[in-house]
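In what follows, chains are A, B, ... by sequence order, proteins preceding strands, each numbered from 1.
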Amino acid sequence: MERTSFLERPFFQTGPRWWRQFWSRSNERVGYLFILPSFVHLLLFLVVPLVFSLYLSFTDWRGTNFYNAPFIGTANYEFMLGDRRWWNAMANSGYYTLLAVPLGMVISLMIALVMNMKLRGVNLFRTLFFMPVISSWVAVSVIWITLLDPQAGIVNYTLKSLGLPTVNWLGDPASAMPSLVLITIWKGAGFNMVIWLAGLQAIPQELYEAAAIDGAGSWQSFWRITLPLLKPTTFFLAITGVIGSFQVFSSVYVITGGGPRGATDVAVHRIYLRAFESFDMGYASALAWVLFAVIFAFTLLQVWYMRRREEASLF
Amino acid sequence: MKKFGKLLTVCVLLAMVVPSLAVLAQEGQITLRVVGLEVVPEERETPLAIAKQAARTRFMEAHPNIFIESLETPPEFDTQVLVDLAAGTAPDIWYQDASTLARLVDTGNILDASVCLDLVPELTLDRFSEGMLDIHLRDTGELWGLPDGGTPMVMYYNPEAVAKAGVEPPTSDWTWDDFLTFAQMTTLDSEGRNRLDPNFDEENVVQWGFRVRKWTFEWIYWVWQNGGDVISPDLTTADGYLNSPESVEAIKFLRDLVLEYGVAPEPSTLDQLVQQFGFLEAFLRGEVVMFPRGHWEMVGLTNQESYTPERVAVVGNPSKVNDVTVIYESGWVINAKVAEDPDKLLAACQFVEELTDYEYQSTKVVTGLEISANREAAAAAIEASAWPEIERVFVEEAENGRRNYGSIYANWPVVEGILDSMMENILAGADVEEEIAIAVEEIDRELQRSAGG
């Protein structure tokens, strides 16, 4: 008896035309079978929750069973337009992003430039710089709360020792957000450093050698060779940085709780409060979708800007 | 091989018969899944844990057909119970903080316990303190759970610090004016001069008379005392309530304690004051003379290094137009699904009766966390308590207790957040009327949204 493969059995050879055509292309069907687990995972854990949260944003779901939640159309979005706390949180997220992304990128680039040199023990330093990245946000937060303590913290102790005025770092609305940014940069610099390092190491050495022969100094080499060739890395870090900054939550939740006086109440923290302290899931979903739209718009803007720069550089 | 086959047959038969026998044996057995009888690991073997387990055992001995399956309280229980209710896996009875009771009532998942009054005649409402019962009982007759225990907010003071200032301790009949004078006289500089002394050194305050914070639960009853409120009784508006002259006056009075009279530290000063050892230690050391708090703080105070009984006393809040305080409470609620099985419903009602009766409630005094909602047990606790004078004040003040909005308005956490922010800004020096106007506008939007407007 002639043996047929599992997929050539009659079950798979019957059915509508598109199905039979599909199964007749053996390479394709094997490919689809390979991606099936990932596809199912994506569908169940990404697409379904996304669609579900979009649906929820049009409901007033505050109870236990979402199927009882009244459909209220765009009421949540209309309410959001006049929600002062939400817009304050969005403004804070924007402020945080403006501070954290450029500063974080510059500082991590500086570290990466040093770590890219052929120095003794450079691997140890790279590891040290990367260690905060793998530390938990809660542990990092507790350490920084202690360091920034207005009375017993080492930061103010140092300032006092130098005869400088002390600062209520996390208790003053003016300094709370910059303090959070400082902590975020400290924690994230190692990750950015690794990305910058990858970019730096992809730049051909010959270019620097040629520049040196032409009499270029290290500063000129940096501006004329390193930075332009790091453009894809810069673009990547800027986009992921903006996305990550708009989504900042853990540090705010653990360190300041959104205070003092709402100075660090960022968008995701506000969504969290609405969703899990007020159980106002419908409204929280609407806020989450608006945040998504804002991040998406910023990302598109960045992509558009980069393309324009690239096109401009052709002429 | 044959032997093995026989053995296998016997095993299969046993596997089929034994569970069937077990099911038969359990016929008529009712299991109630209860959350709230277990304690956290560090409290095992404490009198509270023993009292809870004794109540459970006593009940099961008296009702051999009822098994109480005691479940650990999961972390983030408020969220967990909503998820469990949605999934149909919620416990039959659980211990519920009244500050989020309204949310559960709105979901329609908890039983109107007034049915228990008919099913279990021993269960009568006159056993409960009126203030605590009011948290669960509605004007329309529904009884959303039964009160277990709670606390009114009272005024803690440090008698040693009061003596240091050369002032007589306050009495329960004191007024706002008396309170202000007392706070001024107990606020001392490093030379021992009080706030009423023209030479008082602002820069070197070593003892503050009072503590004011942004948290609504610590100041809402000051507004009530002055005849004001934060929202209307029908939960439709804050306009005419939070911005009423009475409410504004009360809020200004609290602000002035910090910014005008200087008897309470500014928030940033308070933060620095408590950084090193925590507030309770600062209080026991006499750095702050008075602060408003509930019964639970006794546990925290007695655990401090500087604690001595001479350093802690309590008194009722000063009054103005009304002698009122806010009361916080937790109680036992029954899952609405229990009503689907009449036998289970009866068992649940019997168990909550047991949990609120004198015998169990009187064993809880040792915890020091709260006063009993059972009037008789609360009165008996005064003598049994390690600090009878303090206990007496709590029991008396409970009679002036008023429920907070969390037990009747599901969206209260949002409104409370707005009020907290308002007070935070006011204590930082923002304009009172302006902040109140902003808060009224925000709260009204929330109230209208809740009402579907």
- Item | Rounded distance (nearest 0.5 Å) linking atom CZ of A/Phe276 with atom CD of B/Glu76 |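 Going from CZ on A/Phe276 over to CD on B/Glu76, the span is 10.0 Å.
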
- A/Ser278 side, atom OG; B/Glu416 side, atom CD - distance, nearest 0.5 Å: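 Interatomic distance, A/Ser278 OG to B/Glu416 CD, rounded to 0.5 Å: 10.5 Å.
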
Within a radius of less than 6.0 Å around [atom1] of [X], do more than 12 heavy atoms belonging to other residues, nucleotides or ligands occur?
X        : atom1 : value
A/Tyr253 : OH    : no
B/Tyr95  : OH    : yes
A/Tyr272 : OH    : yes
B/Trp215 : CH2   : no
A/Ile154 : CD1   : no
A/Phe296 : CZ    : no
A/Phe39  : CZ    : no

- Query: What part of B/Leu104 gets closer than 4.5 Å to chain A, counting heavy atoms only: side chain, backbone, both or neither?
  - Reply: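 For B/Leu104, no heavy atom lies under 4.5 Å from chain A.
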
- Per-residue contact mode, B/Asn425 against chain A (heavy atom under 4.5 angstrom):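 Answer is both: backbone and side chain atoms of B/Asn425 are under 4.5 Å from chain A.
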
- Query: What do the steps show when you test B/Val414 against A/Arg274 for side-chain contact (heavy atoms from CB on, under 4.5 Å), and what is the final call?
  - Reply: CA-CA 8 Å; B/Val414 175; A/Arg274 278 287 181 175; 3.7 Å; yes

- Query: Under the side-chain hydrogen bond (donor to acceptor under 3.5 Å, both in side chains) test, which residues partner A/Trp144, sequence neighbours left out?
  - Reply: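 Checked A/Trp144 against side-chain hydrogen bond (donor to acceptor under 3.5 Å, both in side chains); zero matches.
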
- chain B neighbours within residues 74-85 of chain A, where any heavy atom lies under 4.5 Å away: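 Against chain B, the residues of residues 74-85 of chain A that fall inside the cut-off (heavy atoms, under 4.5 Å) are A/Asn76, A/Glu78, A/Phe79, A/Gly82, A/Asp83, A/Arg84, A/Arg85.
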
- Task: Give the intermediate values and the outcome of side-chain contact (heavy atoms from CB on, under 4.5 Å) for residues A/Phe279 and B/Thr100.
- Result: CA-CA 11 Å; A/Phe279 294 94; B/Thr100 48; over 6 Å; no

- Task: Decide yes or no on salt bridge (Lys or Arg N to Asp or Glu O under 4.0 Å) for A/Asp280 and B/Arg103, but give the supporting numbers first.
- Result: CA-CA 11 Å; A/Asp280 196 351; B/Arg103 189 159 58 209; over 6 Å; no

- Item | chain B contact via A/Pro260 - side chain, backbone, both or neither, heavy atoms under 4.5 Å |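 For A/Pro260, the contact with chain B is made by backbone and side chain together.
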
- Show the numbers, then the answer: is there a side-chain contact (heavy atoms from CB on, under 4.5 Å) between B/Asp78 and A/Glu277? CA-CA 9 Å; B/Asp78 273 354; A/Glu277 291 209 346; over 6 Å; no

- With side-chain contact (heavy atoms from CB on, under 4.5 Å) as the test, would you mind laying out the steps for B/Leu82 and A/Met281 before giving the verdict? CA-CA 12 Å; B/Leu82 284 177; A/Met281 294 294 178; over 6 Å; no

- Task: Identify the two heavy atoms, one from A/Arg261 and one from B/Glu424, that lie closest to each other, and give their separation to 0.1 Å.
- Result: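 For A/Arg261 and B/Glu424, the tightest heavy-atom pair comes out as N-OE2, 2.8 Å.
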
